[in-house]
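A note on names: the letters A, B, ... follow the listed sequences, proteins ahead of strands, and every chain is numbered from 1. Keep in mind that the numbers below use all heavy atoms, side chains included, and drop hydrogens, waters and symmetry copies.
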Amino acid sequence: MADTICRTLRDGGLEGEHAPALTIKDSKASPFGFDVFNYVLTQLSNYILAGKSQSRGLVVVAYSRSPSFYVDLLKRRGIDIASSHDWIHILDCYTDPLGWKNWLIDKDISQEASSLSSFCQDVRNLDKLYSLIIEQGKGLIGQGKDRFSIAIDSVSEMVRHASISSVAGILSNLRSHDQVSSIFWLLHSDLHEIKFTSVLEYLSSMVASVEPFNQAAFGQRVDLENLSMLEQNFRKGKFHVRFKRRNGRVRVMASNLHQFCLKMK
Amino acid sequence: MKAAQTPHKKEVPCVFGRPPQLPITKIIRLSAALLARHRRCSTPTAALSLPPRVCSLRPESLSCRLSTIYSWHFTGKTKLCSVDAAMATTKPRLSSFSRNLSAVSSSQTPGVKCGPNGTMFVSSGIADLDKILGGGFPLGSLVMVMEDAEAPHHMLLLRNFMSQGLVHGQPLLYASPSKDPRGFLGTLPSPASLKHDKSRDRESEQEKGLRIAWQYKKYMGENQPNFDSHRDNKQDYCNEFDLRKPLERHYFTRQRVNCVGIQDSKNLAALQEHCASFLAQHQRNDGSCALAGRIAIQSLCAPQCEHSNMDWEMLSFIKSLKGMVRSSNAVVVITFPPSLLSLSSTKRWQHMADTLLSVAAIPDEDKELAKLLSGYQDMVGLLNVHKVARLNTQVPLILEATTFSIKLQKRRFLVLECLNQAPVDGSSGSSYGTSGSCSGSSKAGTLDF
């Protein structure tokens, strides 16, 4: 089922249509959202490298992990960045998001990562961030009519520094940009009010939620009876996806997910 | 009173009521005589149309007396009389005591129709919706459409509304949270070609012979005469729009179309000013209507707008807009996603509306729903009518059904249909289809004499 999501992102949007947008939503009861995000990122990278996707490049807006993490992640998954990295760019909003360090020693970041990342030192200015993302994306795909995809590490981090309306504005503008093929982001739903989660669901065309395997175990006092259920919750989860189809109908799919291999059963 | 005969294979005589001067007893006697005459001729149906004031004064006594004469179905409080009664409905989607909608518009203004109680209507752009609402959107009213976050059906309603206005040459003000509101005009549908209308009639005529008539109500609506029988697109009160064919550019370059973006402004003051100046050009003077205007505001509380978290400011804007439109010859349609507002704000917005509609998505490939509803495969969504504008009268409009399915015929033409239950197992069954919500269960009709 995760492959269905990846294929939808791979196929991108039609001419004149907003780009498909995926929200990956999790909570502390089932904290596998980041694993899902990594899986989708890896799959999309494979499609881009194989030339099977509408997009020709990928811009990763990294808020909660450093660029080095993503380089290592892609290496572990067998994607060789060293040979060609003109298809991916990482916008580093992790190292110095508020511009506190007036100097930056390049040694802090690996050489490999520094060659395909650039700093964003004011994450509060989302207009500037929007321009940076578009600029980096166009830099990857050149002058033609090609498109690029965008992955946002965590909108939960993004909204810490900016208002809901400005976050909604930048996401909506990115979706409606002609050269954006697809966009996906991660959200930790229990960090926010329901309104923010509703806003993101309103803006996205696919909502993938990770839920605890044993709903009943969550929130209860830890004792021997529900300990095993709690343990299960940290190894497995349930995966629900809602697709907003072009004909106006909603397709609902559900499956289980396993933490370590992220195999959708 | 006159009994009109409609040009159709099976004659469906209709009796049109006059204004309340006619005594009710006379109506009943005349109806009985009419029915007796048609029973002799083996005509299956008779229809009675009465002015609303008659119904409101003595509904119970009138319906009581009439029900003893007629073997037809009264909606609401009355019971199903017999299976034959399923065939005998006046307008399938309105109260049995429906007002006379066949009155030719005495208004000279194109696209404006006179209605009861001194109101004037403009078409919503969807013929089925006009019928449901009793003629269209009344001039001077505020229509609000509650969006579903999972489906873009409100855009279908907006597109048809805007296109209808442009085809009639009615000025339009469109406000949207997108970066390029003018770009939306390129997605407006064009009126269907005349060729299509003729071939569709022929097709439907042919298909009638093949149908198994077990849901009579659905087909009775098609047997109704088309009073607007002339074929010129511009003169039609309500056009049929082909969603796959874009509206010709001369409609919105030549006409006065003003597009306003609401994403970048800090508050609603600019939009309020635009609306005020637009409505000032359409002030109502002595009941005459020079030209009707239309305002369409899409997703008023969209999250990317800065004013989206200013609850009281948005409410105040709606209130002032409602006040301004009341004294003008214009209609305002506002769509908004209630999931992004607090519950109390949503309630307040709902109360502000004169006409309140909502759209809802339906699940895809849902086998249970497919078993429950007929025509599920053609449905794209649902439309609920929560409130219908009633200006200059205290009489409410009681609808036979409030939930309708949104379908795209041949993926081009928007139609609204009553929900009908899918056929149950033939051995058990009643041949009468009940209308109800998705989760509603059918009740077998009881025989009542």
Please tabulate, for side-chain N and O atoms in residues 161-174 of chain A, each donor-acceptor pair with protein atoms closer than 3.5 Å (sequence neighbours left out).
residue, atom, partner, partner atom, Å
A:Ser163, OG, A:Ser165, OG, 3.4
A:Ser163, OG, A:Ser166, N, 3.3
A:Ser163, OG, A:Ser166, OG, 2.8
A:Ser166, OG, A:Ser163, N, 3.2
A:Ser166, OG, A:Ser163, O, 2.9
A:Ser172, OG, B:Gln304, NE2, 3.3
A:Asn173, OD1, B:Gln263, NE2, 3.4
A:Asn173, ND2, A:Gly169, O, 3.1

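- With no hydrogens or angles considered, no side-chain donor-acceptor pair links A:Tyr130 and A:Asn125 at under 3.5 Å.
- A 6.0 Å sphere centred on CD of B:Gln377 holds more than 12 heavy atoms belonging to other residues, nucleotides or ligands.
- Shown here for B:His250 and B:Glu248, the closest heavy-atom pair between the two residues is NE2-OE1, 2.8 Å.
- The only member of A:Arg245, A:Arg251, A:Lys244 that meets side-chain hydrogen bond (donor to acceptor under 3.5 Å, both in side chains) when paired with B:Asp364 is A:Arg245.
- Taking all atoms of both residues into account, the shortest heavy-atom contact from B:Pro191 to B:Leu247 is CD-CD1, 3.9 Å.
- For A:Val199, the parts sitting under 4.5 Å from any heavy atom of chain B are the backbone and the side chain alike.
- Heavy-atom neighbours of A:Glu17 CD from other residues, nucleotides or ligands within 6.0 Å: above the threshold of 12.
- Within residues 145-155 of chain B, the residues having any heavy atom under 4.5 Å from a heavy atom of chain A are, by residue number, B:Glu147, B:Ala149, B:Glu150, B:Ala151, B:Pro152, B:His153.
- Within a 6.0 Å radius of CZ in B:Phe161, other residues, nucleotides and ligands contribute more than 12 heavy atoms.
- Judged by the 6.0 Å and 45° rule, A:Arg160 forms no cation-pi pair with A:Tyr63.
- Residues passing the side chain to side chain contact (heavy atoms under 4.5 Å, CB included) test with B:Thr355 are B:Leu133, B:Val143, B:Leu357, B:Ala389, sequence neighbours excluded.
- At a heavy-atom cut-off of under 4.5 Å, chain A is reached by B:Ser339, B:Leu340 from residues 338-352 of chain B, listed in order of number.
- Of the listed residues (A:Glu201, A:Arg246, A:Arg242), the one with the most heavy-atom contacts under 4.5 Å to chain B is A:Arg242.
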